[in-house]
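Lettering of chains follows the sequences in order, A, B, ..., and the numbering in each one begins at 1.
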2 protein chains.
Amino acid sequence: MSTSANKFNKILFTILKRNGLKYTKQREQILNTFLSLKGHTSVDTLYEILRKTNPSIGYATVHRSLKLFNKIGIVEMVKVGNQKALYEHKDKNRHHDHLVCVKCGNFTEITSDELENLQKRIASRNNFQIIDHKLIVYGICRKCKNKR
Amino acid sequence: MSTSANKFNKILFTILKRNGLKYTKQREQILNTFLSLKGHTSVDTLYEILRKTNPSIGYATVHRSLKLFNKIGIVEMVKVGNQKALYEHKDKNRHHDHLVCVKCGNFTEITSDELENLQKRIASRNNFQIIDHKLIVYGICRKCKNKR
DNA sequence: AGTGAAATTGATAATTATTATCAATAATAC
DNA sequence: GTATTATTGATAATAATTATCAATTTCACT
């Protein structure tokens with residue numbers, strides 16, 4: 001096991017403990033495999049990959065774990081419309097949002113300090129205590145624009 | 001039928017026609033009943049209300065119609081997480097977004113020119129042709145903050 | 001007004017993602 | 001090491017949405 005994986009595992013252990021949860025082999029595997037992937041990963045995709053190294057892992061466990069990781073703040077969940085949930089790495093410091101192309105379905109990640117600040121102003125105007133926000137901009141990406 | 005309903009019906013007819021769709025009694029009823037309600041309406045709620053005046057109307061028709069109305073731009077759809085879709089009146093001129101309270105589930109509508117402009121800047125930076133956007137801010141509303 | 005092509009409806013089945021159930025197993029505090 | 005408690009894996013249940021399809025309705029065109 002690599003040093004960085006070891007480091008992640010310690011962090012995982014600490015966070016789970018802090019939340020009164022147990023550190024399990026499955027959770028370790030699921031998180032490490034998830035972190036080895038880039039971009040946006042669905043439960044199904046991750047499950048299929050995990051099965052190669054651990055054929056006995058259960059689908060429900062993968063589903064539950066990703067959901068749990070999202071809840072305790074170590075992975076990010078993105079949902080667009082009725083589509084299935086996708087999970088992505090959590091930026092350590094910056095929240096990011098998404099441009100979604102309605103033609104090809106691809107995501108572009110965006111970060112914007114202006115948006116973070118604007119959000120705070122809007123919330124304080126409404127006497128609203130922000131926990132999080134999700135901005136999805138729908139449109140047509142550069143590639144698809146050029147296609148026509 | 002009221003004058004305003006008549007007006008809506010003409011608009012509906014025009015928009016349907018423009019989209020190559022037919023004007024039906026059901027679509028008229030569904031839209032008019034929907035417009036007579038305030039706030040955020042689910043398919044189920046609207047279906048139950050419609051059944052009182054038209055017991056033979058089908059659930060699928062209500063579902064399809066709201067979805068269609070959203071597609072052709074005459075009603076707005078809001079989805080939060082895995083919850084069922086809610087539909088709301090479309091603001092004629094202004095897009096609006098939502099603050100969602102994670103405690104009580106209530107929505108607060110917000111409009112922001114700053115956000116509209118910011119969105120445009122972000123999109124143009126990414127060479128992205130905007131169609132629409134949805135911002136949902138999750139947090140705790142004034143009422144629930146004061147409750148504790 | 002009548003007609004024919006095409007769209008819509010209503011009932012219901014199918015689909016899909018997610019969540020619940022529960023006995024067996026594993027992790028952790030003591 | 002043991003008791004307690006959470007988690008796992010398999011699968012069933014749930015819930016929203018979408019597909020199917022025969023019967024009906026709309027509408028463009030005479």
Any residue meeting side-chain hydrogen bond (donor to acceptor under 3.5 Å, both in side chains) with Ser124(B), in chain and number order, not counting sequence neighbours: none
His96(A) and Glu88(A) side chains, donor-acceptor separation under 3.5 Å: yes
Between dT24(D) (P) and Asn54(B) (CG): distance, integer Å: 16 Å
Partner set under side-chain hydrogen bond (donor to acceptor under 3.5 Å, both in side chains) for Asn82(A), not counting sequence neighbours: Lys79(B)
Qualifying residues under ring-ring contact (aromatic ring centres under 6.0 Å, His included), relative to Tyr23(B), sequence neighbours excluded: Phe13(B)
Counterpart residues, ring-ring contact (aromatic ring centres under 6.0 Å, His included), relative to His40(B) (two or more places apart): His98(B), Phe107(B)
Residues which pass ring-ring contact (aromatic ring centres under 6.0 Å, His included) with Phe34(B), listed by chain and number, not counting sequence neighbours: His89(B)
Euclidean distance, atom OH of residue Tyr47(B) to atom P of dA15(D) [Å, nearest integer]: 17 Å
Tyr47(A): ring-ring contact (aromatic ring centres under 6.0 Å, His included) partners, not counting sequence neighbours: Tyr59(A)
Degree of bending, the helix from dA1(C)-dT30(D) to dC30(C)-dG1(D) (end axes from five pairs; round to 10°): 50°
dT8(D) OP1/OP2 closer than 4.0 Å to side-chain N/O of Arg27(A): yes
Sequence-aligned protein contact record of nucleotides 18-29 of chain C, with B where the base is within under 4.0 Å of a protein heavy atom and S where only the sugar-phosphate is: BB-B-----BSS
Within residues 60-72 of chain B or reaching into it, pairs that qualify as side chain to side chain donor-acceptor pair (under 3.5 Å) - sequence neighbours excluded: Thr61(B)-Arg64(B)
